[in-house]
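Below is one structure, written out as structure tokens; the observations come after it.
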Amino acid sequence: MRSSRRPAAVGGQLPPRTATGSSPLSHLFVQGLVAADSFTDPETWEKFRQVVAQQDPERASRLGTHPGSLVFAIHHSDKKLSAGNLFTFA
């Protein structure tokens with residue numbers, strides 16, 4: 001399911017992972033799968049929403065009842081990090 005909502009990273013940060021090869025990225029995707037799976041539990045999602053609400057109540061109010069997307073920020077290891085050169089990966 002895709003959502004137009006911004007990622008709900010606590011503190012408004014979405015730290016990029018450096019792409020040094022397929023192994024670190026594979027590990028990142030497995031971590032994302034585990035995190036997304038844990039957020040399908042309503043109690044876990046509500047606890048997460050409460051943590052976000054402590055920092056940004058308005059943002060927490062837009063989160064809804066379940067996650068709508070999972071966003072990865074991947075940085076090419078051979079380039080200086082900028083918004084324009086984040087790695088696209090489908």
Side-chain angles (χ1 to χ4, degrees):
M1 171 192 292
R2 292 199 80 118
S3 171
S4 61
R5 286 183 273 165
R6 292 173 26 191
V10 177
Q13 300 299 312
L14 184 65
R17 176 67 60 99
T18 300
T20 57
S22 62
S23 180
L25 293 178
S26 182
H27 180 74
L28 173 66
F29 297 144
V30 170
Q31 287 177 321
L33 178 63
V34 170
D37 186 53
S38 69
F39 282 140
T40 62
D41 174 64
E43 185 178 330
T44 302
W45 181 251
E46 180 56 25
K47 287 179 182 178
F48 173 74
R49 199 192 61 72
Q50 289 173 8
V51 169
V52 174
Q54 290 173 358
Q55 297 181 29
D56 189 341
E58 195 275 326
R59 188 175 199 177
S61 71
R62 296 190 317 257
L63 289 178
T65 60
H66 61 278
S69 62
L70 177 62
V71 177
F72 294 98
I74 301 171
H75 168 239
H76 284 282
S77 60
D78 62 339
K79 298 178 181 174
K80 184 177 178 180
L81 177 62
S82 74
N85 69 6
L86 288 174
F87 186 69
T88 56
F89 191 84

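Quick note: numbers below take in every heavy atom, side chains included, and nothing from hydrogens, waters or symmetry partners. Being a predicted model, the structure only gives us computed values, none of them experimental.
Scored by the side-chain contact (heavy atoms from CB on, under 4.5 Å) test, Ala36 finds Leu70 as partners (sequence neighbours excluded). When the side-chain contact (heavy atoms from CB on, under 4.5 Å) test is applied to Glu43, the partners found at least two apart in sequence or on another chain are Asp41, Lys47. Remark: Glu58 pairs with Arg62 by the side-chain hydrogen bond (donor to acceptor under 3.5 Å, both in side chains) rule, at least two apart or across chains.
Side chain of Trp45 to main chain of Gly64: a donor-acceptor pair is present (N/O by atom type, distance under 3.5 Å, no hydrogens or angles).
With no hydrogens or angles considered, no side-chain donor-acceptor pair links Gln50 and Gln54 at under 3.5 Å.
Ser61 contributes atom OG, which lies 8.0 Å from atom CG of Leu63 (distance to the nearest 0.5 angstrom). Remark: Leu28 CG to Leu33 CG distance equals 11.5 Å, nearest 0.5 Å.
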